[in-house]
Amino acid sequence: MGRLPLLFLLLLPLSGCSSLLTTRLPAPVYYQLDYTPAPLACPQSFSGGLRVSDFATAIPFDRPEMVAIRPAGEVRFSIAFQWIDTPGRMLAGTIERDLSAGTLFPAVFGAGAPVSVPLELTGRVMRFGWLQQGGNSRGVLQVEVSLIAAGASPRVLFHSGYDLQGPPQGQNRPALFAESMSGLAGRFSQQLRRDLCAAAGGRKH
């Protein structure tokens, strides 16, 4: 037997084992925040345009994988079920959309818009997960937001924190998690816009 046929016979078992060891995982299922923003009638407004920067996200929620929070501080990540982006970017996107539809600011832009505006909305997501306690689970959302006047000496015009929880659910399903977080995002948007409206009426620009 020649050298080439012998080499082929030696490699054949290895290639067969390689194909058996390779496991193809199914593609993950993606979810996004989906809610209809509640309308807000505000009699006052800010005089300058606004940039909504991408919100920072605290560890361990700074990833697209869905995060479950279990007793004793245990955290689990899901590879099979994920968000379309990190929580901070998703929330900033929905807030930009909701503020753009209102009259609080004459113009609202996202983080990547090549424009110069006098006001910036920043935030940090502290919790964005599925809290499992006993036989019930619920969505939890904790966010801090600041409105900053840009310039040589930036000033904080408004700062507030929001700590929200969804209704308890007797099942652990990703669709329920996504529905719960969408509802919390809608409540967060409504409360934030109300607070910004109050802030606009309480100061001169």
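For the numbers below, each heavy atom of this structure counts, side chains included, while hydrogens, waters and symmetry mates do not. Since this is a predicted model, take the numbers as computed values, not measurements.
Contact annotation: the side chain of Met126 never approaches that of Asp163 to less than 4.5 Å [non-hydrogen atoms, C-beta and beyond]. Looking only at side-chain heavy atoms (C-beta outward), Val145 and Ile95 stay at 4.5 Å or farther from each other. For the pair Asp62 and Thr86, the minimum side-chain heavy-atom distance is 4.5 Å or more. A heavy-atom distance below 4.5 Å is found between the side chains of Arg193 and Pro37. Side-chain contact check for Ser45 versus Thr103: every heavy-atom pair is 4.5 Å or farther apart.
By the 30° and 60° cut-offs, the orientation of the rings of Phe55 relative to Phe188 is perpendicular.
Rounded to the nearest 0.5 angstrom, Leu196 CG and Leu119 CG are separated by 10.0 Å. Rounding to the nearest 0.5 Å gives a distance of 14.5 Å between OH of Tyr31 and CE of Met181. Between atom CZ of residue Arg70 and atom CZ of residue Arg76 there is a gap of 4.0 Å, rounded to the nearest 0.5 Å. For the atom pair Gln165 CD and Leu141 CG, the distance stands at 10.5 Å (nearest 0.5 Å). To the nearest 0.5 Å, atoms CD1 (Ile84) and CD (Gln82) are separated by 12.0 Å.
A single hydrophobic cluster is not seen to contain both Phe105 and Phe109; linkage of ILVMFWY side chains at heavy-atom distances under 4.5 Å, directly or through other members, places them apart. Both Tyr162 and Val125 belong to a single network of hydrophobic side chains, linked directly or stepwise wherever heavy atoms of I, L, V, M, F, W or Y lie under 4.5 Å apart.
Residue Glu179 places its CD atom among 12 or fewer non-hydrogen atoms of other residues, nucleotides or ligands, all under 6.0 Å distant.
Arg138 places a side-chain N or O within donor-acceptor distance of the main-chain N or O of Gly166, the cut-off being under 3.5 Å. With hydrogens and angles ignored, the 3.5 Å screen pairs no side-chain donor or acceptor of Ser180 with any backbone N or O of Phe177.
Annotation: Phe61 is not in aromatic contact with Trp83 [ring centroid separation under 6.0 Å not met].
The shortest heavy-atom contact between Gln44 and Leu104 is O-CD2, 4.1 Å.
Arg127 meets the salt bridge (Lys or Arg N to Asp or Glu O under 4.0 Å) test with no other residue; sequence neighbours excluded.
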